[in-house]
Q: 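Here it is, the structure, as structure tokens.
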Amino acid sequence: MSHFDFDPAATAPRQYPLEVAPDTFCIRALTPSVGGTWTNLNSMVIRGAEPIVVDTGMVTHRDQWFEDLFSLVPAEDLRWIFVSHIDTDHAGNLIEALARCPQATMITSRGESFRIAASLGVPVERMRLVDEGESFGVGDRALTALRPPVYDSPYTRGLLDESTGVYYASDAFCAPIPGAPVDWTDEIDPALWAEGLARFHHASLCPWVALVDQARYQAEVDALAARAITTIVSAHSPVIRGAAVAQAFALLAGLPAAR
């Protein structure tokens, strides 16, 4: 039997929310990927004074996603929904989340807001526009929208919580799990992690990275790495923590020459 012959919703191991920093959780799902590996489908919740969910998962895991979200934050308490971009694996449950969380306002970039209004029918009254490098308050902390160096949509924005050092990187740092599902990248053989990260970016997320000017690209990687990031939550990777953060930036910087 090939890895394409089974239903990911029925066979994927269940991963429950993972606390990655105080009051900060990665909501996780898994789907089979190329070569018998697993790929993460992650979003994030910050359970602060004004709770915020970052991305809304895929429709294929809708019931599980809402179960996990509301186990962390009651629907009536959710105040913000930050969407990195509206690809279906990042905004699959956005419309239902807005319907089920009446106090929540969506946060997106100005450019993405036009697509959201036209494609999804979200009224501008439910949006707050935050562009690249801008910060916004959510009660007990400020969050900053920062585009990762690699992406598959130019509208993509990551999100940095400098109070905890957690950076939600959207699709960047994507890497498959080559064996049994794990919580953290430091549970993966380093060589397999490096190989999988390079292949995932070149084959799927950003094949254009092979064409970039290395010096200009390096400057983008260095600018983000200079931030006080202690933990990286990628939408498509186990969580990156501790010493693995510096290694992740090194792997990202090496992508143009990686094959």
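Here the structure is a predicted model, which means the values were calculated and not measured.
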Q: Can you tell me if His90 and Asp55 form a side-chain donor-acceptor pair at under 3.5 Å?
A: yes
Q: For a 4.5 angstrom cut-off between non-hydrogen side-chain atoms, does Leu30 reach Thr39?
A: no
Q: Could you see if Ile116 belongs to whatever hydrophobic cluster contains Val124? Use Ile, Leu, Val, Met, Phe, Trp, Tyr and a side-chain cutoff under 4.5 Å.
A: no
Q: Can you tell if the side chain of Ile81 reaches within under 4.5 Å of the side chain of Ile107, non-hydrogen atoms only?
A: no
Q: Given 3.5 Å as the limit, does a donor-acceptor pair link the side chain of His201 with the main chain of Leu255, or not?
A: no
Q: Which atom pair, heavy atoms only, marks the closest approach of Met127 to Ala117?
A: CE-N, 4.0 Å
Q: Would you tell me whether Asn93 and Arg62 have side-chain atoms, one donor and one acceptor, within less than 3.5 Å of each other?
A: yes
Q: Is the side chain of Gln15 donor-acceptor paired with the backbone N or O of Val182 at a distance under 3.5 Å, no angle test?
A: yes
Q: Would you mind checking if Asp77 and Arg47 are paired as a salt bridge, meaning a charged N to carboxylate O distance below 4.0 Å?
A: no
Q: I need the minimum non-hydrogen distance between Gly158 and Phe82, along with the two atoms involved.
A: O-CZ, 3.7 Å
Q: Of all heavy-atom pairs between Ser153 and Arg115, which one has the smallest distance, and what is that distance?
A: OG-NH2, 3.7 Å
Q: Give the minimum heavy-atom separation between Ser237 and Cys174, together with the two atoms involved.
A: CB-CA, 4.3 Å
Q: Determine, step by step, whether Tyr167 and Leu146 satisfy the side-chain contact (heavy atoms from CB on, under 4.5 Å) criterion, reporting the C-alpha distance in whole Å, the side-chain angles of both residues, the deciding distance to 0.1 Å, and the verdict.
A: CA-CA 9 Å; Tyr167 177 62; Leu146 295 171; 4.1 Å; yes
Q: Following the transitive rule for hydrophobic clusters with a side-chain heavy-atom cut-off under 4.5 Å over Ile, Leu, Val, Met, Phe, Trp and Tyr, establish whether Leu197 and Ile177 coincide in one cluster.
A: yes
Q: Would you say Val221 and Phe249 make side-chain contact, with heavy atoms under 4.5 Å?
A: yes
Q: From Asn42 CG over to Ser170 OG, what is the distance, rounded to the nearest 0.5 angstrom?
A: 11.0 Å
Q: Would Arg14 and Asp68 satisfy side-chain contact (heavy atoms from CB on, under 4.5 Å), going step by step from the backbone distance to the final call?
A: CA-CA 11 Å; Arg14 178 74 158 94; Asp68 289 343; 2.9 Å; yes
Q: Tell me whether Asp183 is salt-bridged to Arg28, with the criterion being a basic N under 4.0 Å from an acidic carboxylate O.
A: yes
Q: Show your working on ring pair (Phe, Tyr, Trp, His ring centres under 6.0 Å) between Tyr151 and Trp208 and close with a plain yes or no.
A: CA-CA 10 Å; Tyr151 45 83; Trp208 50 262; 5.3 Å; yes
Q: So for atom CZ, which belongs to Arg128, do other residues, nucleotides or ligands contribute more than 12 heavy atoms lying within a distance under 6.0 Å?
A: yes
Q: Which is it for Leu41 and His61 under the side-chain contact (heavy atoms from CB on, under 4.5 Å) test, yes or no, and what are the steps along the way?
A: CA-CA 9 Å; Leu41 302 168; His61 297 85; 3.5 Å; yes
Q: Starting at CD of Glu50, measure out to CZ of Phe136 and round the result to the nearest 0.5 Å.
A: 10.5 Å
Q: Would a 4.5 Å heavy-atom cut-off, applied to side chains only, mark Trp184 and Leu18 as touching?
A: yes
Q: Between His85 and Asp171, is any side-chain donor less than 3.5 angstrom from a side-chain acceptor?
A: yes
Q: Please report the interatomic distance CG(Leu94) to CG(Leu98), rounded to the nearest 0.5 Å.
A: 4.5 Å
Q: With a 3.5 Å distance limit and no angle check, can you tell me whether Gln218 reaches the backbone of Asp222 through a side-chain donor-acceptor pair?
A: no
Q: For the hydrophobic clusters of this structure (ILVMFWY residues joined by side-chain heavy atoms under 4.5 Å, transitively), does one cluster hold both Trp193 and Phe173?
A: yes
Q: Of all the heavy-atom pairs spanning Phe200 and Pro176, show the shortest one and how long it is.
A: CD1-CD, 3.5 Å
Q: To the nearest 0.5 Å, what is the distance between CG on Leu72 and CE on Met44?
A: 12.0 Å
Q: Should the pair Glu195-Arg199 be classified as a salt bridge under the 4.0 Å nitrogen-to-oxygen rule?
A: yes
Q: Would you check if Ser84 and Val54 make a side-chain contact, meaning some heavy-atom pair closer than 4.5 Å?
A: no
Q: Do side-chain atoms of Asp161 reach the backbone of Leu143 as a donor and acceptor pair under 3.5 angstrom?
A: no
Q: Indicate whether the side chain of Trp65 and that of Ser43 have a donor and an acceptor atom separated by less than 3.5 Å.
A: yes
Q: Got Leu160 and Arg227 here, is their nearest side-chain heavy-atom distance under 4.5 Å?
A: yes
Q: Give the minimum heavy-atom separation between Ala210 and His202, together with the two atoms involved.
A: CB-CE1, 4.0 Å
Q: Ignoring hydrogens and geometry, is there a side-chain-to-backbone donor-acceptor pair from Glu134 to Thr144 under 3.5 Å?
A: no
Q: Show your working on side-chain contact (heavy atoms from CB on, under 4.5 Å) between Ile86 and Glu112 and close with a plain yes or no.
A: CA-CA 8 Å; Ile86 61 168; Glu112 188 74 296; 3.7 Å; yes
Q: For the atom pair NE2 (His236) and OG (Ser204), what is the distance rounded to the nearest 0.5 Å?
A: 7.5 Å
Q: Same hydrophobic cluster for Val138 and Val166, using side-chain heavy-atom links shorter than 4.5 Å among ILVMFWY?
A: yes
Q: To the nearest 0.5 Å, how far apart are CG in Leu69 and CZ in Arg100?
A: 8.5 Å
Q: Taking side chain as C-beta onward, heavy atoms only, is Val239 less than 4.5 Å from Ile232?
A: no
Q: Quick one: does any side-chain atom of Asp213 pair with a main-chain N or O of Ala215 as donor and acceptor, under 3.5 Å?
A: yes
Q: Quick check: does any side chain N or O of Arg157 sit under 3.5 Å from a backbone N or O of Asp131, one acting as donor and the other as acceptor?
A: no
Q: Quick check: do Tyr168 and Ser234 have side-chain heavy atoms less than 4.5 Å from each other?
A: no
Q: Is there a path of hydrophobic side-chain contacts, each under 4.5 Å between heavy atoms of I/L/V/M/F/W/Y residues, joining Leu251 to Ile229?
A: yes
